[in-house]
Every structure is written in structure tokens, then in C-alpha cells.
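All remarks here apply to the structure that follows.
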Amino acid sequence: MPDAATDRRVEDLFTGLNAPQEEAVRHVDGPLLVLAGAGSGKTRVLTHRIAHLIHTKHARADEILAITFTNKAAQEMRERVELLVGRAVRAMWVMTFHSACARMLRADAQRLGYTRQFTIYDAADQRRAIKKCLDELDVDAKRFTPRAMQAQISDAKNKLRSPEQYREIVGSYFEQTVADVYEEYERQLHRANAMDFDDLLVRTVNLLELFQEVRDRYQSAFRYVLVDEYQDTNHAQYRLLQLLAGGHRNLMVVGDEDQSVYGFRGADIRNILGFDEDYPDASTIKLEQNYRSTQSILSSANAVVANNRGRLGKELWTEVGEGDSIKIRECDDDHAEARFVAAEIERLGDEGVSREEIAIFYRTNAMSRVVEDMLTRAGISYQVIGGTKFYDRAEIKDAIGYLNFIVNPQDVQAFSRVVNSPRRGIGQTSMSRVLAHANTMGLTPWEAADGAAGVPLLGSAAVKAFGRFMSVMTRLKERAELETPVGELLEDVLRETGYTDALQAERTIEAQGRLENLEALVVAAREYDTRSPDGTVGEFLQEISLLSEQDNLRDDEGLVTLMTLHNAKGLEYPIVFIIGCEDGMFPHSRAIDEGDVEEERRLCYVGMTRAMRDLYMTFARRRSTFGGPGQYGLRSRFLDEIPRDLTDEPERAQIGIRSRAVTSWARASEGSAAAAAMTSTAPAAVFAIGDDVVHAAFGEGVVTGVDPGGVVVVRFAGDGSERRLMADYAPIKRR
DNA sequence: TTTATTTGATTTTTT
DNA sequence: ATCAAATAAA
């Protein structure tokens with residue numbers, strides 16, 4: 001019986017919510033689609049709905065499954081739910097797709113022929129395994145790069161296509177090769193008792209499809225399923241949700257089709273666009289009131305994304321007020337751009353803005369370097385999210401490789417990684433012989449190495465080296481099985497394998513840095529031990545392999561934050577700089593070539609809507625790539641999609657390269673009339689459709705279009721690409 | 001087997 | 001410009 005206190009608690013859940021938010025929170029049974037615009041309080045809706053289900057006794061805590069994409073989002077949701085329901089949150093599954101799948105697989109992996117101790121391969125492990133398959137199948141890795149193979153295989157997996165199914169639809173020699181590699185790769189992974197990221201989803205779907213009792217178990221266990229960022233789900237995730245929520249149909253998905261930016265990773269925007277077809281009885285609720293940004297920022301972002309087709313249609317608004325206009329800056333080159341950003345940050349600092357309120361976004365990781373240099377020079381401390389990750393460093397992967405090999409003796413990848421690191425006289429040849437022997441005899445790499453004396457063709461020095469190596473490993477494995485705390489075990493590993501000694505002997509600054517990184521890993525392991533006293537090495541390994549970039553984010557240390565636009569999703573900052581707003585950079589030329597500018601535009605929308613108060617968008621006329629000479633580019637088409645009265649730019653000419661060049665120069669040279677006059681009288685480069693041209697970098701091509709603004713479109717013979725170039729600046733000549 | 005040297009690719013975005 | 005991988009030399 002609900003008492004008065006409970007009633008009050010339930011009512012409290014609605015205070016401060018707007019009408020559509022409240023409607024979503026009150027929804028109990030049946031499918032629900034919440035279209036949540038940026039900053040519209042979707043996490044609030046999710047957490048309050050969970051609390052509502054609990055307080056009204058519609059669900060027990062352990063009947064709720066809430067899924068996010070990043071650990072950070074999961075943790076935030078967990079904390080916010082805890083504020084509402086207290087300790088009950090501990091019984092809930094609030095986690096990422098990948099963690100939830102890994103957890104289900106640990107329980108039932110043996111049904112699919114894996115052990116509970118399976119290893120999770122990251123992208124680099126995956127790449128290496130694929131390379132190995134290419135070698136074994138005698139495929140020319142120059143023609144068919146591991147990278148391309150990986151992309152194809154991953155794509156197939158995301159679509160739940162097995163090697164056999166893939167083989168049925170091959171339409172080219174390339175795809176034929178992919179089918180062969182895919183098949184071999186799957187065999188090798190399975191033999192190594194390993195799964196890649198995609199497998200975590202695929203194998204869970206397999207598990208639920210093949211074993212009805214497992215499916216029934218989870219269907220009745222999770223009576224309410226909630227999914228965040230639904231627009232980013234791929235087909236495997238879609239199918240997984242279908243299987244989990246198939247019985248009761250209590251599925252709530254929250255997403256924003258305008259923020260779908262992971263198409264390249266297999267995310268299928270049709271999942272969210274077609275939700276009401278999949279679930280015709282679904283309620284749909286739109287959240288359009290924004291609680292984050294000024295109206296100028298919202299109107300600008302709305303205007304940009306309005307150029308996309310295939311939207312469900314949302315229009316963000318706020319009660320906050322207009323705010324400042326969008327600040328658009330043109331710079332001479334990437335260095336000037338970075339200098340502007342650094343100077344502006346200093347100026348903002350004088351105004352009382354603190355560093356952690358500022359973020360700088362860019363399209364590609366490589367763009368951070370110039371900015372980093374400039375910030376360092378200006379004495380502005382910063383943190384970079386993404387780029388080279390901590391867990392990607394060689395020494396960290398080695399240390400983890402040792403643990404993986406101890407836990408999973410079948411793990412070839414881990415074995416070959418650590419067997420000669422540090423150097424112990426076991427080279428490529430000896431290692432291959434042991435692995436070949438393992439293969440033919442059906443042994444695990446561990447067993448084969450342990451019985452090195454029985455491996456044919458192996459030299460006596462190598463046999464001895466293996467003996468020494470394996471006696472250390474055996475000792476460590478015994479210790480692992482005694483449930484030694486992970487931190488302690490890791491220290492033992494580093495000491496007894498001689499890893500630390502080898503680094504200390506190097507006496508270089510790099511080695512010192514590596515030792516520090518390893519120390520940080522030990523600290524992380526000790527923290528894990530404290531956090532989960534009953535945890536195992538295997539669980540620790542799983543946890544760190546599923547970490548994402550955003551999980552490294554710190555928010556309280558007076559640091560300016562740098563990251564890619566993709567990493568920015570879900571975050572907010574009072575001041576945002578989006579740099580590199582040039583056609584070719586953003587939208588990226590690859591996307592332009594592949595006709596996928598809409599996803600780039602959504603990315604732009606994501607970036608812009610991160611800003612609460614001030615939004616800067618900068619572009620450079622010249623940008624150097626690979627450290628070579630600068631390439632001339634055009635300002636991003638997205639900038640021109642922002643209504644001018646919302647920006648601080650003076651009148652822009654509608655058409656004509658002349659006036660555009662004048663404006664550019666006039667501002668760049670701070671109003672020098674001479675410079676402006678000179679430019680405006682310089683001879684214009686004139687091209688017509690059909691002209692044969694030569695470009696300094698791209699070679700020969702033909703003009704296929706002439707656009708207003710002095711833009712020529714050239715299709716190049718070399719790589720068949722079509723590029724938009726600025727006639728006056730691009731190094732092109734008529735032939 | 002290890003180390004030094006050269007080559008080649010790399011830049012989209014990542015759970 | 002930088003880093004990994006392939007190749008040559010020790």
C-alpha cells in the first residue's frame with residue numbers, strides 16, 4: 001500500500017519537469033520513443049522514469065536494464081539514479097552494451113565453445129590477427145590491407161552476417177578475399193578463446209537466439225529495458241534489444257536522429273527513424289526545450305541541421321535568451337588559428353572564465369598537435385581526450401598481455417606479445433615453431449611452450465629460454481589462482497619477468513616514462529582491488545578493455561579540454577571552440593567523396609550544441625598536412641549555413657570571388673586598403689567546365705563544375721576523386 | 001637473433 | 001612529421 005511518504009516521493013519526481021518530460025517519466029508499460037534534442041534533459045527523464053518505476057512498485061530494481069554507450073554515461077546515470085532511489089541502484093544493470101554483453105557471455109560462454117576466461121581483443125589485437133590470417137592465406141597484404149579487411153569484417157559482424165552468409169553475397173574478388181579472411185579469422189579467434197568488440201554483441205545475440213532458456217531467463221529478468229543514444233545502435237544491438245524486450249515490449253529508447261554520427265561504425269540511423277514501424281503501438285515524445293545553450297547557438301545549430309533530409313524534425317528552443325552571436329574567425333593558417341585560440345583563452349581568463357569551462361573541438365586527432373604546441377607556449381594547461389590512449393601504449397599492452405596469457409592459456413596474441421618482451425632470446429623463428437607445434441598437436445600455446453623440449457626443430461638455446469620463461473609463468477599462474485590481489489600480481493609479473501629491470505637498464509627518458517606508466521597501471525589495479533574485493537584478474541582485464549576515452553575525462557583541474565567532435569557528444573562547456581572549419585577538413589573530404597555530408601553536418605550540430613554561452617568557429621585559409629607545405633582550403637559550407645545575423649561576421653558577399661577575397665584580406669591585414677586594393681585588382685583565374693588542368697599535388701584533372709565564390713570542381717585522373725578548390729589559391733593551372 | 005636503416009603510410013570519426 | 005613495419009647488416 002502506498003503511504004503518504006511514498007506519494008510525496010513520487011510527486012517529487014515531477015517537480016521541475018516540463019510537460020513532455022513528465023509524460024515520459026509517467027510512462028510505464030509498452031514501447032516508448034523519446035526524441036531528445038541536445039541539452040533537453042534526457043538523462044533526467046531516464047533516471048526519473050527509473051525511479052518512478054521503482055517508487056510505484058511497477059518494477060524491482062533488479063528488473064531494470066539501462067543501457068548506454070560509454071562507461072561514463074553509465075556511471076553518471078547510476079549516480080543520478082542513486083540520488084533518487086538510494087542503494088537499490090546496486091541491483092540494477094546500468095551499463096554499456098559491451099559490458100552487459102560481456103557479463104552475459106561470462107555466464108554462458110561455454111555454450112558457444114568459449115571458456116569463462118575468454119580474452120577481449122581490441123582493435124590493434126584484431127588488426128594483428130587479421131594480418132596473420134592474410135599471411136597464412138597467402139593474400140597480398142599490399143593489395144588487401146588489414147585495415148580494409150578489418151573494416152569489412154567488422155561491418156559484416158555489425159550486420160550479423162556470418163562468414164558463410166557473407167560468402168553467399170560476395171560480388172567481387174575483393175569480397176571473395178574478405179570472405180576467406182573472415183572465415184579464417186573467426187577460426188583463429190575461437191581457437192584463441194578470444195572475442196573482438198563486435199563479437200561481444202554478435203555472440204550474445206547468438207546465445208539468445210540459440211538457447212531459449214537463456215533468452216527466457218533474461219526476458220523475465222529484465223522487465224524494463226531503457227536505452228540511451230538509440231540513434232547510434234547498429235543492427236546487432238537492434239537485434240539484441242529485440243531479443244531482450246521481445247516478450248514484454250517494455251522498451252524505452254531515447255535518442256536524437258540529428259546526433260547520429262557513428263554511421264561509419266555500423267550505426268544504422270534507420271533504427272530510430274523506424275522505431276514506430278517496429279513498434280506501431282509506441283508512444284513518441286519529443287523534448288525540444290533546451291536547458292543548456294543560448295538561443296543564438298540553438299538557432300544556428302537548428303539552421304545548419306535543417307539542411308539534412310530524413311529527419312523526424314525538431315526545433316530546439318530555450319528560455320535563456322539570445323546571448324552573444326556566433327564568433328567566426330578566419331585565420332591565415334593553422335598556426336594563426338591556434339594562436340588566436342590561445343590568445344582568446346587568455347583574454348577570457350582575464351574576464352574570469354576558468355580553464356575547465358573551455359573546450360576545443362576538432363575533426364581529426366591529428367589537428368590537436370598545433371593547438372597543443374601553442375597552448376604550451378602560452379602556459380595554458382590542457383588535457384587531450386583521445387589520440388594515443390593510455391591502454392594502447394606498448395608497455396601497458398605488454399603488462400596486460402602477461403595477465404591475459406596467465407588467465408587464458410589459449411591466447412596466442414598475448415603469448416606472442418610477451419614471449420620475447422623483455423628480450424630473452426626467443427625470436428620470430430622459435431616462436432613460430434612452438435605455435436605451429438601447438439596447432440598440429442591441438443595444444444594451447446601455453447602447453448606447447450611448457451613442453452618446448454618436444455617441439456621439433458627447436459634449438460637447444462631456445463628450449464632453455466622457453467624453460468626459464470615458462471617456469472616464471474607457471475609460478476605466476478599459481479599465484480593468480482590463489483586469488484592474489486590484482487595489484488600485487490601485476491607487480492610480481494613486472495618484477496619476475498624482468499620487465500622492470502630491462503626498462504631500468506635502458507636508462508633513457510623514454511624508459512623512465514614507461515616505468516611511470518606501468519606504475520600508474522599498478523595503481524589502477526590496486527584501486528580495482530579496493531573497489532571490488534571479490535574481483536578476479538579476469539574481471540579486471542575485462543573492465544580495462546572496455547574503457548572508453550571519455551572515461552579519462554577530468555573536470556575539476558583548471559584544464560582546457562581538447563577532443564574530437566565525436567568525443568564531445570554528451571558533454572557541455574560554457575565556451576566552445578570548433579577549429580578547422582574548412583571544406584575537406586570539416587566536412588571531411590572522405591565524407592564528401594562518399595556523399596555522406598549529412599553525417600558530417602550532424603557532427604557539426606553536435607559540436608555547436610555543446611556550447612552553453614559562447615561558440616567560436618574558426619577556419620584557416622592554409623593548413624599544413626604531414627608537415628608539408630600548406631594546402632589552401634575553403635571555409636566550411638557549414639559556416640555558410642548559419643544565418644548571418646546570428647554571427648559576428650560583417651556582410652558576406654552572396655557570390656563572386658572578388659568580394660570574398662577582399663573581405664578576407666581586409667580583415668587579415670586589419671583593414672589595409674592597399675592590400676585589399678591589390679587583391680581586388682589581381683587577375684582572376686578563370687576556368688570553364690571541360691578545361692584540362694594540372695594540380696601541383698593531385699596531378700591532371702578536368703573541370704566538372706564552376707561554383708559561385710570562385711570555386712572550381714575538378715575531377716582528378718589520378719585517384720578519380722572530385723575536389724572543390726578555390727581558383728585563386730589552389731595550385732592549379734590550365735593545360 | 002638482434003640492431004640499424006630505410007621505407008612507407010598515415011589522417012576521419014571509436015565502443 | 002612521425003611511427004610502424006620491412007629490409008639489411010652485424
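Predicted model only: the values in this text are computed from it and were never measured. To find a chain, count down the sequence lines: A is the first, B the second, and so on, and within it residues start at 1.
To the nearest angstrom, P of B:dT14 lies 7 Å from NE2 of A:H566. Taking atom CG of A:D232 as the reference point, atom P of B:dT15 lies 11 Å away to the nearest angstrom. In this structure, the CZ atom of A:R623 is 12 Å from the C1' atom of B:dT11, given to the nearest Å. Between the CZ atom of A:R590 and the P atom of B:dT13 there is a distance of 10 Å, given to the nearest Å. In this structure, A:Y605 places its OH atom 24 Å from P of B:dT13, rounding to the nearest Å. Look at CG on A:D196: it is 14 Å from C1' on B:dT14, rounded to the nearest Å. Across the protein-nucleic acid pair, A:F466 atom CZ and B:dT1 atom P stand 9 Å apart, rounded to whole Å. A:N234 places its CG atom 12 Å from the C1' atom of B:dT14, with the value rounded to the nearest Å.
Here the options are A:F586, A:F264, A:F69, A:Y362, the test is ring-ring contact (aromatic ring centres under 6.0 Å, His included), and the partner is A:H566; only A:F264 passes.
With contacts defined as side-chain heavy-atom distances shorter than 4.5 Å, the pair A:T618/A:C581 does not qualify.
When the side-chain nitrogen and oxygen atoms of A:N71 are compared with OP1 and OP2 of B:dT15, none of them lie within a distance under 4.0 Å. For the pair A:N365 and B:dT14, the criterion of a side-chain N or O lying under 4.0 Å from OP1 or OP2 is met. The side chain of A:H98 places no N or O atom within less than 4.0 Å of a non-bridging phosphate oxygen (OP1 or OP2) of B:dT15. For B:dT12, the OP1/OP2 oxygens have no side-chain nitrogen or oxygen of A:T564 closer than 4.0 Å. In this structure, A:R423 reaches the B:dT3 phosphate: one of its side-chain N or O atoms is under 4.0 Å from OP1 or OP2.
Taking the ring centroids of A:F577 and A:F361, they lie at or beyond the 6.0 Å cut-off.
If you check B:dT15, B:dT2, B:dT12 against the side chain of A:N420, the one that comes closest is B:dT2. Closest to the side chain of A:R265, out of B:dT12, B:dT15, B:dT13, is B:dT15.
Base pairing in DNA chain B gives the following stems of 3 or more Watson-Crick or G-U pairs, range against range and under 3.5 Å: B:1-10 with C:1-10.
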*Under 4.0 Å protein heavy-atom contact, by nucleotide of nucleotides 2-10 of chain C - B base, S sugar-phosphate only*: ----S----
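Comparing A:G427 and A:F197 against DNA chain B, the residue whose closest nucleotide sits nearer the 5' end is A:G427. Between A:S430 and A:R363, the residue anchored nearer the 5' end of DNA chain B, judged by the nucleotide with its closest heavy atom, is A:S430.
Ring-plane geometry between A:H98 and A:F197 is classed as perpendicular, the angle between the planes exceeding 60 degrees on a 0 to 90 degree scale with a lower cut at 30.
The pair A:K159-A:D268 does not count as a salt bridge, with every side-chain nitrogen at least 4.0 angstrom from each carboxylate oxygen.
The neighbour count for A:R424 CZ, taken as heavy atoms of other residues, nucleotides or ligands under 6.0 Å away, is above 12.
Taking a centre distance below 5.5 Å and an interplanar angle below 30 degrees as the stacking criterion, A:Y262 does not stack against the six-membered base ring of B:dT15.
Closest non-hydrogen pair, A:R610 versus A:A38, comes out as NH2-CB, 3.5 Å.
For A:R265 and A:Y262, the positive end sits near the middle of the six-membered ring, less than 6.0 Å away and at most 45° from its axis.
A:S545 places a side-chain N or O within 3.5 Å of a backbone atom of A:L541 that can act as its donor or acceptor partner.
Using a 4.0 Å heavy-atom cutoff across all strands shown, A:G263 reaches no nucleic acid atom at all. Residue-level contact check: A:T429 touches the backbone only, with heavy atoms under 4.0 Å from sugar-phosphate atoms and none from bases.
Judged by distance alone, the side chains of A:E582 and A:S636 never bring a donor and an acceptor atom under 3.5 Å apart.
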